[in-house]
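First listed ligand is number 1; within each ligand, the first listed atom is number 1.
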Amino acid sequence: MRVNTLKRAVVAFALALPGAAIASVVAAPAAHADGCYTWQRDLYQGRSGDDVRQLQIRVAGWAGYGGIVRIDGRYGPETAAAVKRFQSAYGLRSDGVAGPQTFAKLYQLQDNDCTPAHFSYQELDDGCGRGGWSGGPLSADQTKANAVRTMWKLEALRRGLGDKDLTVNSGFRSTACNRQVGGASDSQHLYGNAADVVSRTTSLCTIARTARSHGFSGIFGPGYPGHATHVHGDSRRENTSDRTANHTAWSAPDCGVGSGD
Ligand code: ZN
């Protein structure tokens, strides 16, 4: 993916500048070109900006047990700790500084459409088989952006499970679809913030327990009504307007996962 993107970028650049020598084209910053997003500087504690925000979206699944990474564009201790866990999970030097190696790994994991390697828009937007991102309380763009954040957490969860397969049964649901399947009226599925997952190789309880360390503030699984056949994970805590409230809600009693754990 990345190689193809780089080739395309180089070709496009060469076409735009017919007189340019190939050597200078290759030496251009496009060396780190990525079809979705390219970071232009190292990031570490104290830095802020949209590049920090883009990084936070991609490491939010490495928030640690019971934690979340606020997507606020400010590189604080929370972000540094998540970057450290990300680096460690992928065998990189774990220093909490996002530099070339960290970005290279992110580019490797990232498809050109900004979804992580093992999840796709198609998988997340299959609300009652209709597809698309409209029909919920948020704009289609916002809903889709939320789904991207959900997918990066799923990618982290998948890695945390030891690269086991993880399949989304239900992601975004329009209001009509949510009503049809009997979802809660304020379900996080309406916002693109939730995914119901299953695995062929990993038990639901292992998924539910592991999800606690990957940025999910809403987790429901075996033992919780209606969740015998999948694990629900969502991001209710960072998506509330009430920053002072603790909106973490975990319940999978058959797995020893409760709100007090
Ligand atoms: Zn659900």
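H227 lies apart from the Zn ion (ligand 1) in this respect, since none of its N, O or S atoms is found at a distance under 2.8 Å.
When the N, O or S atoms of H189 are ranked by distance to the Zn ion (ligand 1), NE2 comes first. The atom of H232 that is an N, O or S and sits closest to the Zn ion (ligand 1) is ND1. Residue D196 approaches the Zn ion (ligand 1) most closely through its N/O/S atom OD1.
To the nearest 0.5 Å, the span separating CG on N112 from OH on Y107 amounts to 12.5 Å.
Taking the six-membered ring where the residue is Trp, Y224 and H227 present perpendicular rings, their angle passing 60° and hence far from 30°. Between W250 and Y65, the ring planes lie perpendicular to each other; the angle is over 60°, past the 30° to 60° tilted range. Between F103 and W39, the angle of the ring planes stays under 30°, which puts this pair in the parallel group of the 30/60° scheme.
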